[in-house]
Each structure stands twice: as C-alpha cells, then as structure tokens.
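Computed from a predicted model, the values in this text were never measured in an experiment. So that the names make sense, note that chain A is the first sequence line, chain B the second, and so on, each numbered from 1.
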2 protein chains.
Amino acid sequence: MSSDVDSMQPVAESERRRRTRERLMDAAFEVFAEEGVHSASVEAICERAGFSRGAFYSNFESKEELFFALSDREVDSTLLKASELARDVLPATPTDGADVVAEVVRTMIAFVGGEANWHRIVAEYRLLAMRDGAIAPRYVDFSRRLNDRVVELLQTVTLGAGLRFVGDLQLISRTLLALFSAITEDQLLAGVAGAPDVAAEDSLAFDAIVAYVHLVTEPDED
Amino acid sequence: MSSDVDSMQPVAESERRRRTRERLMDAAFEVFAEEGVHSASVEAICERAGFSRGAFYSNFESKEELFFALSDREVDSTLLKASELARDVLPATPTDGADVVAEVVRTMIAFVGGEANWHRIVAEYRLLAMRDGAIAPRYVDFSRRLNDRVVELLQTVTLGAGLRFVGDLQLISRTLLALFSAITEDQLLAGVAGAPDVAAEDSLAFDAIVAYVHLVTEPDED
DNA sequence: TGTATCGGATACGCCGGTGTATCGAAAATT
DNA sequence: AATTTTCGATACACCGGCGTATCCGATACA
C-alpha cells in the first residue's frame, strides 16, 4: 500500500497534461463556434490544436465531456469579466457626451461585444439546453449566476451624470440581458452577411436599450 | 416542339408530389427540433415521414434545400398567426382581471407559447444565421418582417382597460420580441429540465415584460 | 545514467450515413 | 384498356469519422 494514506485523490494532473487539455479546449472553442458542436468532428478539433485523436481520447472521454469542461471554463471567465466591468470599466466611462446612457451602453458593448465566438457558443449552449435535460440545469445555472452578477452591478454602479437605476433590479437585469443579447446577435448577423463593420448603434436593439435605460433610471441625489 | 410555347415554366407540380413534400417537411420539423439540423440525418427524416431516401432525393436536392423550404413555410405561417393574434385573439381578451397587462401577456404567451418545437427551430435558425452568410439574410428578413408585424399590432391594438402604447413603436416592438423570446426560452428550459408544467408567470422574464408594458403604456382617451 | 512511467502518435476495424443508379408499381394520358 | 410517365423503393459503392489497441519517444525518478 501507499505510504501516504491520505492522498487517494486523483493525484493532481501533470502540468503537461493540463497544457494539452487547455490547447484542446482552445481549439474546440473555435471549431464549435464555427461549425457547431454537433458538426464539429473530434478530428477537426485535434487538427486545430495540433494533436492527434490519440491525445484527445487520452484527455477526454468524449466530445461531450470536452464541451462541458470548456463551458465551465468559459462561464467562469465570463463571470469574472462581468465583475471587472462593474469594478474597473464602467466607473471610468467618460461622462461628457450628450447622452450619458448611450455612452455607457456603447462602453458595455465594446467590452463584451468583441467576443463574437463566445456569443455563438452561448447561443448554442442555450439551444442544446432547450433540447437536452442533462444540459438544461447547467445552462440555467449559468444564466442565473450571470443575472445575479448584473444585479450586483446595477446595485453598485451609478451612471456618469448621477443616474441611478430604480425599480426591481432583478427585472431590469433580465430585460437588459435580453436586449444585450439582441444587440450582439444583430451585430453578428450583420457581420456574417455582407456588412464588414457595423456599429452597435445601427442595431434597432441599441436604440431600444437606450430608451429602456432612460425609462428605468432617475437622477441620483448624492 | 411543344404545341404550347407559353408553358415553359416548371409545370405545376402534381398533387401527389406536393403531399410528399409536405409530409417530409412535417417530419423534418420534428426531427430538426429534437436533434438539430446538423445531427438530423436524412434517413431519420424519411423514416419519420414513412418514406425512403429515394423519395427524399427525388423531392429535394439536399437537406439544406429542405431546411429552406421548411423555414419559408413556417415563417409564412408564423406571420399569419401574428396577424390573427392582432385581429381576433387580443380584442377578445377579458378585461376584468386585476392587472389587465398581465392578462394580455398571458394570452399572448398561451397563443404562441405552445409551439415549443417552433421556438427550438427559430433558435437554431438564428444560430445558423450567425455562422453562415448564406443564411443570415434569410433570417434577418424574417426577423424584420416579424418586427414590422408586431409594430402594426401595437398600432392597432388597444389593451383592455383603455391602455395605449406610447413612444417609438419600433423600439417597443423590438424590446417586446426580445422579452417574449426570453419567456419562451425560460419555459422550454424549465420543461426540459425536471419541472413538468411551469406557468409562464414563474419566469422572471414574465414579470419583466409586465413591468415593461406598464412603463410604455398610458390611458387611452377614447 | 539506467529504468519506469506517462502521454501522445499511429494503425486498424467498424459503422452510420450519403448519393446514385436501377427497378417496378401506380397514376395519368390517349 | 394500352402505353407512357411519374415517383418512390431497393440495392450498391463509398467515405468520413469513431473508438481502441498498440507502439514509441520524452520526461521523471532513482
């Protein structure tokens, strides 16, 4: 028997193994975004990562396990970014524009909108959840945690020109998330079709969200 | 040469052929919703429809062509239903409840919310469009036409207790559509996970939409 | 430096699904 | 009723991708 009876855990994976898994997940992120989880072949993922299928099956049991590992990693990263947005980015937004709300919305779009592939993956994650009872709880949990994070954000943040959110923050957060989804989707769709670079402002949803924020904010007596 | 020089068009398809195509589309509708367009095999669709693959390739060039034909059919049907909603269903909504807005929203959910599979297909349609420049324009067109239809609806409809929408109807429509999407997704997700039958009211998005409608309506001086 | 272990590469057999070519029955046409 | 046309069924060859078993080089350890 082992001399150390306490170390029965699956023995911390080697650094090499960890790197390999990361590279496979990086590759899967791209391939999933481009082709979709179902169409993406294990072969394509391995090729992108510069590994063989042998490496893959040595690190993951199946494509599904890889997808779960990947989604966990990206969900954590997304929640971290949301915190960062509330803590660092939003407070630094310039407040000299004509419409402060539009400025803030623009800032948020710029912050999260660049991640086109992540939006594609979230959209597919949601879709998979709408079909598969094994995936649904995972996605719902992500969705709930993201909403909670945004509620925190709304609680702590005061917009540039002394504007403050009023009303039920849960509901406001839910509405904002729905509208932000709509904006990023509009942008993706425009990008995928002809138009090379459309500004967020071109989206109907952009105006919708600005109008909405105006409805649910009021001057903050400070 | 033909005696009738004018009839060079692809000669109206036979009734039999039309029925076969319909049955194949019906089957594809289900299979696409359950498994997704990519994973759905032509074989599975044919089996569901009670045909062989021979029949399929005699009627459609490929799975993609079938998908386009199907989406056209369903998009038309959806737009028709939206008109029906504005013309027949909404005017008949009871107005005796405590919260007329909630009542109207419930009615609309009941009207469109039953179509779980259609929502799955729309979600995938959107996702495919976000990846493929050939599909994007089709989806954007659908999305735009649906929004226009809802704008018409908002223009003509007056809610039960003499409430009227005020503000930019385009933006309101866009917001409502985003929130309705959110509600139906919440319901689907809850259904797919454990919960057998959750009421629309259990969705955070339901409260969000009721709150929003209150924000953008005012008494109609009639 | 020798040896053991680990981790990725290679090679193999297998299967589901594809698209086509051919055939036969049913329907339309005369 | 005879014949032509239409349309779906059947059969076939083919391929991409899968999962495994085995091998071999690199790395860790003594």
- prompt: Does the distance from a Lys or Arg side-chain N to an Asp or Glu carboxylate O, for R106(B) and E103(B), drop under 4.0 Å?
  reply: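 Yes.
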
In whole Å, I'd like the distance from the [atom1] atom of [X] to the [atom2] atom of [N].
X      : N       : atom1 : atom2 : answer
E47(A) : dG8(C)  : CD    : C1'   : 16 Å
F60(A) : dC18(D) : CZ    : P     : 15 Å
H38(B) : dG17(C) : NE2   : C1'   : 16 Å
E43(B) : dG16(C) : CD    : P     : 10 Å
E35(A) : dG16(D) : CD    : P     : 15 Å
E15(A) : dA26(D) : CD    : C1'   : 16 Å
R18(A) : dG8(C)  : CZ    : P     : 13 Å
I45(A) : dG17(D) : CD1   : C1'   : 12 Å

message: Which residue in the set V151(A), N147(A), L153(A), V216(A) passes side-chain contact (heavy atoms from CB on, under 4.5 Å) when paired with L169(A)?
response: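 Option passing the side-chain contact (heavy atoms from CB on, under 4.5 Å) with L169(A): V151(A).
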
message: Minimum heavy-atom separation for A33(B) and R131(A), please, with both atom names.
response: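 Smallest heavy-atom distance, with atoms named: O-NE, 2.9 Å.
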
Identified pairing partner of dA30(D), criterion: Watson-Crick or G-U wobble below 3.5 Å: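 WC or wobble partner is dT1(C).
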
Which pairs would a plain distance check flag for residues 176-192 of chain A, meaning a side-chain donor or acceptor within less than 3.5 Å of a matching protein atom at least two apart in sequence or in another chain?
| residue | atom | partner | partner atom | Å |
| --- | --- | --- | --- | --- |
| T184(A) | OG1 | F180(A) | O | 3.0 |
| T184(A) | OG1 | S181(A) | O | 2.9 |
| D186(A) | OD1 | R174(B) | NH2 | 3.1 |
| D186(A) | OD2 | S203(A) | OG | 2.8 |
| D186(A) | OD2 | R174(B) | NH2 | 3.4 |
| Q187(A) | NE2 | V198(A) | O | 3.4 |

Between the protein and nucleotides 7-14 of chain D, are there any N/O to N/O pairs under 3.5 Å, and if so, what are the atom names and distances?
| residue | atom | partner | partner atom | Å |
| --- | --- | --- | --- | --- |
| dC7(D) | OP1 | S14(B) | OG | 2.7 |
| dC7(D) | O4' | R16(B) | NH1 | 3.2 |
| dG8(D) | OP1 | T20(B) | OG1 | 2.3 |
| dG8(D) | OP2 | N59(B) | ND2 | 2.9 |
| dA9(D) | OP2 | S52(B) | N | 2.6 |
| dA9(D) | OP2 | S52(B) | OG | 2.4 |
| dA9(D) | O5' | S52(B) | OG | 3.4 |

message: Can you confirm if the NZ or CZ of R138(A) lies within 45° of the ring axis of F68(A) and under 6.0 Å from the centre of its six-membered ring?
response: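 Cation-pi check for R138(A) and F68(A): passes.
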
message: Among R73(A), R21(A), R48(A), exactly one meets salt bridge (charged side-chain N to carboxylate O under 4.0 Å, His left out) together with D26(A). Which residue is that?
response: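 For D26(A), the salt bridge (charged side-chain N to carboxylate O under 4.0 Å, His left out) test succeeds with only one of R73(A), R21(A), R48(A), which is R73(A).
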
